[in-house]
Asks: 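Please read through the structure below; I'll follow up with questions.
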Amino acid sequence: MLQQPVTALQGTHLLGLGLGHARTGDVRAGLVHTFTHSEGATTSDFVRTAILEKIEDSYDLQELRKAIAQDSGERFSIDEILTELG
């Protein structure tokens, strides 16, 4: 959570979507800097982590879609599983 108030952004969308194009990048950069600084991280570390998390999320979604496509619909109760495991 941001520790500093984002008063400069009041009345706009957080990502600067309500602003003109010239200031949008500045607002976004400022927001990223404020957030990363409040978290004790560098912008580089934050971006690196965000990219790796995005890649992992994409891979997980791809694996979920494969699993759903191969799902037979068969389900087991916890009692059936415990009996099988003995």
Side-chain angles (χ1 to χ4, degrees):
M1 172 151 323
L2 293 176
Q3 294 177 354
Q4 300 175 7
V6 192
T7 55
L9 298 178
Q10 288 178 345
T12 67
H13 299 286
L14 271 183
L15 295 179
L17 299 177
L19 300 175
H21 294 291
R23 291 190 46 210
T24 301
D26 293 340
V27 170
R28 289 178 181 168
L31 181 61
V32 170
H33 176 75
T34 299
F35 178 78
T36 57
H37 182 70
S38 72
E39 294 291 313
T42 65
T43 301
S44 179
D45 288 340
F46 175 76
V47 170
R48 183 180 303 107
T49 300
I51 290 169
L52 291 174
E53 288 176 359
K54 178 68 175 174
I55 291 169
E56 184 177 347
D57 289 348
S58 179
Y59 176 78
D60 289 346
L61 182 58
Q62 181 181 10
E63 291 299 306
L64 175 62
R65 288 179 176 153
K66 285 181 190 177
I68 289 171
Q70 296 172 358
D71 184 16
S72 68
E74 185 176 14
R75 302 292 183 263
F76 303 95
S77 71
I78 189 69
D79 291 333
E80 292 172 313
I81 293 170
L82 292 175
T83 299
E84 181 70 24
L85 294 175

Asks: How many angstroms lie between CG in Asp26 and CG in Leu31, if you round to the nearest 0.5 Å?
Replies: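 Reported to 0.5 Å precision, the distance equals 12.5 Å.
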
Asks: For the OG1 atom of Thr43 and the CZ atom of Phe35, what is their distance to the nearest 0.5 Å?
Replies: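 The OG1 atom of Thr43 sits 11.0 Å away from the CZ atom of Phe35.
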
Asks: Tell me whether Lys54 is salt-bridged to Asp57, with the criterion being a basic N under 4.0 Å from an acidic carboxylate O.
Replies: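 Salt bridge absent between Lys54 and Asp57.
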
Asks: What's the spacing between Glu53 CD and Ser58 OG if we round to 0.5 Å?
Replies: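 Output value for this atom pair is 13.5 Å.
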
Asks: Any side-chain heavy atom of Glu56 sitting closer than 4.5 Å to one from Leu52?
Replies: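 A side-chain contact is absent here, since even the closest heavy-atom pair is not under 4.5 Å.
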
Asks: Does atom CD of Glu80 have more than 12 heavy-atom neighbours from other groups under 6.0 Å away?
Replies: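 Yes, enclosed.
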
Asks: Could you grab the distance from atom CZ of Phe46 to atom CD1 of Ile51, nearest 0.5 Å is fine?
Replies: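 That separation rounds to 10.0 Å.
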
Asks: Distance check, rounded to the nearest 0.5 Å: Ile81 atom CD1 versus Ile78 atom CD1?
Replies: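 Reported value, rounded in 0.5 Å steps: 5.0 Å.
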
